[in-house]
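The block underneath contains the structure these notes are about, expressed in structure tokens.
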Amino acid sequence: MESNLRRLPSVDKLISDARIKESEKAYSHSTIVNLARQYLNEVRLSVSSGNPCPSFDQIIETIRARAQTLQQVGPSPVLNATGVILHTNLGRAPLSQEAIAAMHLAATGYANLELELDSGKRGSRQVHIQSLLCQATGAEAAMAVNNNASGVLLALTALAKGKEVIISRGEAVEIGGGFRLPNIIRQSGAKLVEVGTTNRTYLSDYEQAISPKTAALLKVHSSNFEMLGFTHAVPLVELVQLSHQCGLLALHDLGSGCLLDTTEFGLAYEPMVQEDIAAGVDLAFFSGDKLLGGPQAGIIIGKKELIEKLKRHSLARAIRIDKIRLAGLAATILHYLKDEATSKIPVWKMIATPLETIEKRAESWARSLNDLATAIDGESTVGGGSLPESTLPTKLVAIKGKTGSEAEKIARNLRSQQPPVIGRIDKNAVLLDPRTILPENDAILLQALSNVLLTDRGQKL
Ligand SMILES: *Cc1c(COP(=O)(O)O)cnc(C)c1O
């Protein structure tokens with residue numbers, strides 16, 4: 001082992017090798033020296049624990065490969081053929097052309113982000129979004145922050161720290177990706193008071209838990225699961241009434257932030273932001289990149305006096321939204337005000353795509369793969385913590401493997417394409433849903449499919 005270690009090349013020897021010198025053209029000298037040093041340290045550890053020592057050439061190749069991967073700047077685009085419209089792992093909502101253009105402009109140069117052009121004085125970045133949000137939702141005031149989780153944290157910290165927040169046991173949930181409501185409440189310094197049982201909570205449960213220490217009643221939309229059967233939750237309107245009778249705040253974490261009526265698209269009902277305002281909530285919270293269809297953001301709407309308080313809180317500075325997403329968010333909300341959401345916002349375009357259109361695409365994909373794929377009936381889902389049990393009928397392209405592991409292999413090969421194609425697997429088949437592939441990407445998708453499934457002679461690899 002000692003002798004093996006002694007055989008390891010020095011950093012100097014490695015970096016004077018011609019192949020490493022070649023890699024150095026793309027990077028600074030110190031980057032290459034660091035890569036060589038880090039890898040040699042790893043090798044030394046591995047050899048010390050009894051593993052064989054790689055050859056000089058292997059060491060060179062590994063360093064070169066690592067240098068190469070540094071250039072693969074991510075996150076890079078993938079084709080989402082999963083049929084999950086808001087796929088959190090795939091970056092949630094793709095943006096409208098107008099939102100992209102606005103973000104491009106904001107990124108390219110300087111902007112009047114916090115400058116009042118009239119007076120030449122310092123302004124608030126919230127002015128760019130405030131009135132749009134108020135128009136779209138009916139709220140008297142609004143602000144945007146980094147994401148919904150941070151919006152909820154800000155409000156609880158500013159309004160309920162050291163006091164109690166009452167929440168139904170059935171709503172003290174984990175949303176996914178580590179967002180657990182009880183943790184956020186604890187983080188804010190407020191005390192969580194759970195009432196009711198997992199499946200049933202009544203107004204009287206809230207009533208009995210109210211104490212002089214209570215600051216707010218909080219309702220949380222159970223975004224990513226549905227309780228069926230023997231259940232009861234208190235309607236928002238009743239919760240608001242009770243809060244106000246007792247001089248408390250009524251807060252609602254809506255999750256998705258839907259501005260359109262999902263039932264018009266054959267989906268189940270998803271609470272709408274406008275209804276919260278009509279019901280008189282003090283503050284409502286939702287995401288920018290779920291059903292709203294914009295960039296990542298957290299939106300807080302509600303009573304002016306409270307929003308002003310949140311804006312002034314020191315935490316607001318720590319979770320503020322940047323100029324690029326602010327521009328994208330404004331452009332997205334404008335689509336709603338122009339009544340063009342279903343023709344411009346990709347998420348809504350996908351939801352609104354008629355089955356016949358999807359069927360045509362699925363059949364044409366299947367045809368171009370000869371008989372290696374068939375178009376079958378299936379279901380798309382909204383995802384992103386919205387409408388967990390509700391689906392849209394779709395046509396899937398099914399690529400059948402002989403076994404489950406063959407299907408896994410096809411799926412893996414599809415993921416190794418440039419850009420990667422992400423499908424889902426059901427039993428022995430890889431399923432691809434045209435609904436979540438933007439139509440302009442059909443050609444790229446078909447290229448990837450034929451790379452994996454067809455050779456020149458149209459045979460399966
Ligand atoms: C998704 C979701 C969140 C988290 O929103 P982010 O914008 O991802 O921070 C919080 N609450 C509910 C109910 C959600 O559905």
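First listed ligand is number 1; within each ligand, the first listed atom is number 1.
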Return a yes/no value for Ala149: is any of its N or O atoms, backbone included, closer than 3.5 angstrom to an N or O of ligand 1?
yes
Ligand 1 N/O within reach of Asp289 N/O, cut-off under 3.5 Å
no
Determine whether a donor-acceptor pair (N or O, by modelled atom type, separation under 3.5 Å) exists between the side chain of His313 and the backbone of Leu315.
yes
Close-contact set for ligand 1 against His221 heavy atoms, below 4.0 Å:
13 (C)
Which bit of Arg92 gets closer than 4.0 Å to ligand 1, counting heavy atoms only: side chain, backbone, both or neither?
side chain
Quiz question: by atom type and distance under 3.5 Å, do the side chains of Glu379 and Thr394 form a donor-acceptor pair?
no
Examine Ser256 against ligand 1 and note whether any of their N/O atoms are separated by less than 3.5 Å.
no
In Å, rounded to the nearest 0.5 Å, how long is the span from CD of Glu164 to CG of Leu248?
10.5 Å
Taking the basic N atoms (NZ, or NE/NH1/NH2) and the acidic carboxylate oxygens, is any pair closer than 4.0 Å for Lys121 and Glu116?
no
For Arg92, the side-chain hydrogen bond (donor to acceptor under 3.5 Å, both in side chains) test, sequence neighbours excluded, returns Thr88, Asp289
With heavy-atom distances below 4.0 Å as the criterion, list the atoms of ligand 1 near Gly255.
12 (C), 13 (C), 14 (C), 15 (O)
Show every salt bridge (charged side-chain N to carboxylate O under 4.0 Å, His left out) that has at least one partner inside residues 351-362, sequence neighbours left out.
Glu359-Lys395, Arg361-Asp442
Atom indices of ligand 1, in the order listed, that fall short of 4.0 Å to a heavy atom of Ser287:
5 (O), 6 (P), 7 (O)
Between Gln296 and ligand 1, which residue portion shows a heavy-atom distance shorter than 4.0 Å: side chain, backbone, both, or neither?
neither
